[in-house]
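Notes follow once the structure below has been shown.
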Amino acid sequence: MAKATTIKEALAKWEEKSGQKASEAKEVKLYGQIPPVEKMDGALSALVNCEKLSLSTNCIDRIANLNNLKNLRILSLGRNNIKNLNGLEAVAETLEELWISYNLIEKLRGIRVMKKLKVLYMSNNLVKDWGNPLQEKFAADQSSWIEEATKRVPKLKKLDGTLVVKGEEEEGTEGAEGAEGAEGGN
């Protein structure tokens with residue numbers, strides 16, 4: 001089997017293809033590397049201006065080395081082997097969208113520290129304790145599970161593609177209309 005692609009190697013390929021410097025880029029796409037990335041290594045620290053980072057469709061098993069990404073707003077880690085959300089606290093102050101579908105996440109411990117999180121895609125994981133629409137406790141009542149999730153992540157606007165509207169007293173309707181057309185992820 002081929003040796004995994006390092007973040008440094010993936011960034012070098014991305015810079016060559018995009019014609020941008022990783023240290024200056026606002027959006028960096030390192031998804032679907034061949035061979036796949038297995039570790040979020042220290043080379044990520046170069047992405048000081050990055051607002052949108054995609055590492056989807058790799059073989060990453062843990063979130064790490066996001067400390068220098070002080071401007072990160074959108075993180076896409078779908079289709080990896082991630083088991084928990086440890087490591088996200090480094091971007092808790094800035095992250096607005098988290099795309100983590102198709103991973104091996106069982107618990108969402110740590111999600112509450114995400115102060116600005118508005119969009120969360122987390123389908124097709126192994127979550128049993130809350131926030132999974134397949135959870136037996138809320139399977140019969142879709143609005144109950146959404147209500148439970150928004151209690152835990154109060155600024156959430158979109159959950160697994162469903163617009164979450166909490167009532168006009170909080171923000172009015174213009175914020176909800178803007179979120180509906182927004183695209184994120186990869």
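No donor-acceptor distance shorter than 3.5 angstrom exists from the side chain of Asn125 to the backbone of Val127, with no hydrogens or angles considered. For Asp41 (side chain) and Ala43 (main-chain N/O), a donor-acceptor pair under 3.5 Å exists by modelled atom type. Using modelled atom types, one side-chain atom of Ser101 and one backbone atom of Ser123 make a donor-acceptor pair closer than 3.5 Å. Proximity of a side-chain donor or acceptor of Asn67 to a complementary backbone N or O of Ser45 within less than 3.5 Å is not detected. Glu15 places no side-chain N or O within 3.5 Å of a backbone atom of Ala12 that could act as its donor or acceptor partner. With hydrogens and angles disregarded, a donor-acceptor distance shorter than 3.5 Å links the side chain of Thr94 to the backbone of Leu72. Proximity of a side-chain donor or acceptor of Glu89 to a complementary backbone N or O of Gly87 within less than 3.5 Å is detected. A donor-acceptor pair under 3.5 Å is absent between the side-chain atoms of Asn81 and the main chain of Asn103, judged by distance alone. With Asp61 contributing its side chain and Ile82 its backbone, the two residues share no donor-acceptor pair below 3.5 Å. Under a 3.5 Å cut-off, the side chain of Asn58 and the backbone N or O of Ser56 do form a donor-acceptor pair.
Contact between Gln33 and Ala10 at its shortest, heavy atoms only, is OE1-CB, 3.6 Å. Residue Asn80 comes nearest to Ile60 through the heavy atom pair OD1-N, 3.0 Å, listed as atom of the first residue, atom of the second, then distance. Nearest approach of Leu44 to Asn65, heavy atoms of both residues: CB-O, 3.5 Å.
Summarising the geometry, atom SG belonging to Cys50 is positioned 10.0 Å from atom CG belonging to Leu66; distances are rounded to the nearest 0.5 Å. Note that the OH atom of Tyr121 and the NZ atom of Lys158 stand 4.5 Å from one another [nearest 0.5 Å]. The SG atom of Cys59 sits 12.5 Å away from atom CZ of Arg79, with the distance rounded to the nearest 0.5 Å. To the nearest 0.5 Å, the span separating CG on Leu47 from OG on Ser23 amounts to 8.5 Å. Rounded to the nearest 0.5 Å, atoms CD (Glu51) and CG (Leu69) are 11.0 Å apart. Of the inter-residue distances, the one linking Asn86 atom CG with Arg109 atom CZ reads 8.0 Å to the nearest 0.5 angstrom.
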For Leu30 and Trp14, what are the C-alpha separation, side-chain angles and deciding distance, and is it a side chain to side chain contact (heavy atoms under 4.5 Å, CB included)?
CA-CA 7 Å; Leu30 305 177; Trp14 178 84; 3.8 Å; yes
Does the pair Val164 and Lys157 meet the rule for a side chain to side chain contact (heavy atoms under 4.5 Å, CB included), with working shown?
CA-CA 5 Å; Val164 178; Lys157 300 267 185 274; 5.7 Å; no
Evaluate Met40 against Leu55 for side chain to side chain contact (heavy atoms under 4.5 Å, CB included), listing each step before the verdict.
CA-CA 9 Å; Met40 293 175 69; Leu55 283 160; 3.9 Å; yes
Go through it in stages, so that I can follow the logic: the residues are Leu88 and Met114, the test is side chain to side chain contact (heavy atoms under 4.5 Å, CB included), and I'd like the CA-CA distance, side-chain angles, deciding distance and then a yes or no.
CA-CA 8 Å; Leu88 279 180; Met114 309 309 293; 4.1 Å; yes
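Both Val113 and Leu156 belong to a single network of hydrophobic side chains, linked directly or stepwise wherever heavy atoms of I, L, V, M, F, W or Y lie under 4.5 Å apart. Note on Leu75 and Tyr102: separate hydrophobic clusters, where clusters join Ile, Leu, Val, Met, Phe, Trp and Tyr whose side-chain heavy atoms are under 4.5 Å apart, directly or indirectly.
Taking the side chain as every heavy atom from C-beta outward, Leu126 and Ile105 never approach each other to under 4.5 Å. Between Lys29 and Lys17, every side-chain heavy-atom pair lies at or beyond the 4.5 Å cut-off. A 4.5 Å side-chain heavy-atom check between Arg112 and Val153 finds every atom pair outside the cut-off. Two residues are said to be in side-chain contact when any heavy atoms from C-beta on lie closer than 4.5 Å; Leu77 and Ile63 meet this criterion. A heavy-atom distance below 4.5 Å is found between the side chains of Thr5 and Lys13. Between Glu106 and Lys83, every side-chain heavy-atom pair lies at or beyond the 4.5 Å cut-off.
Judged purely by distance below 3.5 Å, without hydrogens or angles, the side chains of Trp99 and Glu97 pair a donor atom with an acceptor atom.
Glu96 has no carboxylate O lying under 4.0 Å from a charged side-chain N of Lys116, or vice versa, which leaves the two without a salt bridge.
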